[in-house]
K.L.:
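I have a structure here, written as structure tokens, and I will follow up with some questions on it.
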Amino acid sequence: MRNSRVTLKDIAAKTGYTINTVSRALKNKDDISLQTRQKIQEVAKEMGYIGDSIAGALRSGHSKTVAVILGDISNPHFAIIVREIETGLRRHHYSTFIINTDENPENEAEAIRLALSRMVDGIIICPTQQSDENLTFLINQNIPFVLIGRHFIGRDDCATSVVCDDFMGGRLATEHLLGLGHRNILFLNGPLFISSASERLAGYKEALISAGLAFDERMVREVPIVAGDCKHVIDEVVQDKIQFTAILAFSDLIAYEAMYALQLHGFQNPRDYAIVGFDNIQSKFLFPFPLTSIGSSKTTMARRAVNLLLEALNSNKPIVHQEIVLKARLIVRASSSYRVDSI
DNA sequence: TTCAACCTGTTCCGCCTCCG
DNA sequence: CGGAGGCGGAACAGGTTGAA
């Protein structure tokens, strides 16, 4: 059954031109005279015409839409990145289709299928990484995609990625705390199948070893990276009587949750311990807790991802995959002002 | 169960007109 | 006569629907 929506056919009937001419006039094609274009555009406006982009995509094979698939859009880090991506894509007349996976590989597989079924032209994805099954599926679909924030170690030849220098980030953060006299640094890390978690851990170890300290695996605790699940890890740490004077957190969000959970056990920052997060979300949001953090420019990360994807979309040549590694920076704030040698 | 028709907009190709 | 501009015809994309 036909709905009441105005189509090219209606405009063609009203103006006396064919559907073809109407379509091209509305696209402002220069093989249609300016006078005809203006007339058709005027009638289309009067009739309230809104193009059917799905029909257009069906024929042209391009929807001018990019899917952005992320693990947890409630994390401000991702929210900032999404905003930058959306702005960048809009500048090039692409719309953005955001899908959240909750860091669940099954949701991720469904998200990819949904994006493909909507005929998106490309995908920017922060992969869940529990396996490389979804990566393989993406590669086999032959659709341009860019990994953001994480990469598949050993498979950089088949996927383009934009990441932060996580190894250096882990090292910088740990060296900062060591420099403040801390020797017992608790690392609330993400699951190790995530590239950023394994590389930050490598940086953490490297800093300890360079300082002549032994790596103690009891000081590394795995925290689920979806927001709101850090408290029980802190409860365990307190229960196990783990001695620490400083904390390195996998993300700022985990750092905030840890600070909250520790407060319930009577620990106050910065009075009782120093803490360093990751992502530097305070570069864009104002929080009442000045958190020392490792960051790389989220704007640069998003722009590079968008540009790499657009290059792939606009190029007829096979994609040359590359890994872009952005420099990690330490931003010192009051949360790490506690020094061990000050007591 | 099969298959044609349909939906809507785009693209390729070609025709007609006009002008120099 | 030839080239350029302006426009139209037909094919087509892939999923859905309904008739045979």
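Chain naming here is simple, since letters A, B, ... match the order of the sequence lines and numbering starts at 1 in each. Note that the structure is a prediction, hence the values are computed from the model and not measured.
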K.L.:
Could you measure the distance from the OG1 atom of A:T245 to the CG atom of A:N184? Nearest 0.5 Å is fine.
P.N.:
5.5 Å
K.L.:
Calculate the interatomic distance between A:I54 atom CD1 and B:dT8 atom C1'; express it in whole Å.
P.N.:
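Spelled out: CD1 on A:I54 to C1' on B:dT8 is 11 Å.
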K.L.:
For the pair made of CD in A:Q35 and P in C:dG6, what is the distance, rounded to whole Å?
P.N.:
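About 10 Å, once rounded to whole Å.
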K.L.:
Between A:K9 and B:dT8, is there a side-chain N or O to OP1/OP2 distance below 4.0 Å?
P.N.:
no
K.L.:
Taking the six-membered ring of A:Y17 (Phe, Tyr or Trp), confirm whether the NZ or CZ of A:R24 is under 6.0 Å from its centre and within 45° of its axis.
P.N.:
no
K.L.:
Report the distance from atom CD of A:Q38 to atom P of C:dG6, rounded to the nearest whole Å.
P.N.:
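Atom CD in A:Q38 sits about 13 Å away from atom P in C:dG6.
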K.L.:
Whole Å only: how far is the NZ atom of A:K27 from the P atom of B:dC12?
P.N.:
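Spelled out: NZ on A:K27 to P on B:dC12 is 14 Å.
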K.L.:
Please answer whether the main-chain N or O of A:G71 pairs with a side-chain N or O of A:E108 as donor and acceptor at a distance below 3.5 Å.
P.N.:
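Checking the backbone N and O of A:G71 against the side chain of A:E108, no donor-acceptor pair under 3.5 Å is found.
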K.L.:
Please determine if a side-chain N or O atom of A:T7 lies less than 4.0 Å away from the OP1 or OP2 oxygen of B:dT8.
P.N.:
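Result: no.
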K.L.:
Return yes if some donor-acceptor pair links the side-chain N/O of A:N107 with the main-chain N/O of A:D102 below 3.5 Å, else return no.
P.N.:
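No; zero donor-acceptor contacts below 3.5 Å.
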K.L.:
Rounded off to whole Å, could you give me the CZ-to-C1' distance for the A:R24 and B:dC12 pair?
P.N.:
10 Å
K.L.:
Using whole Å, report how far CZ of A:R113 lies from P of C:dG15.
P.N.:
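Value for this atom pair: 14 Å.
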K.L.:
Under 4.0 Å, heavy atoms only, any strand: does A:D52 hit a base, just the sugar-phosphate, or nothing?
P.N.:
sugar-phosphate
K.L.:
Is A:S23 close enough to B:dT8 that one of its side-chain N or O atoms is under 4.0 Å from OP1 or OP2 there?
P.N.:
no
K.L.:
Between A:Y49 and B:dG9, does any side-chain N or O lie under 4.0 Å from OP1 or OP2?
P.N.:
yes
K.L.:
OP1, OP2 of C:dG6 versus side-chain N and O of A:T36: anything below 4.0 Å?
P.N.:
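Indeed not, no polar side-chain atom of A:T36 lies that close.
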K.L.:
Starting at the 5' end of DNA chain B, which residue's closest nucleotide do you reach first, A:D31 or A:I19?
P.N.:
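Going by which nucleotide is closer to the 5' end, it is A:I19.
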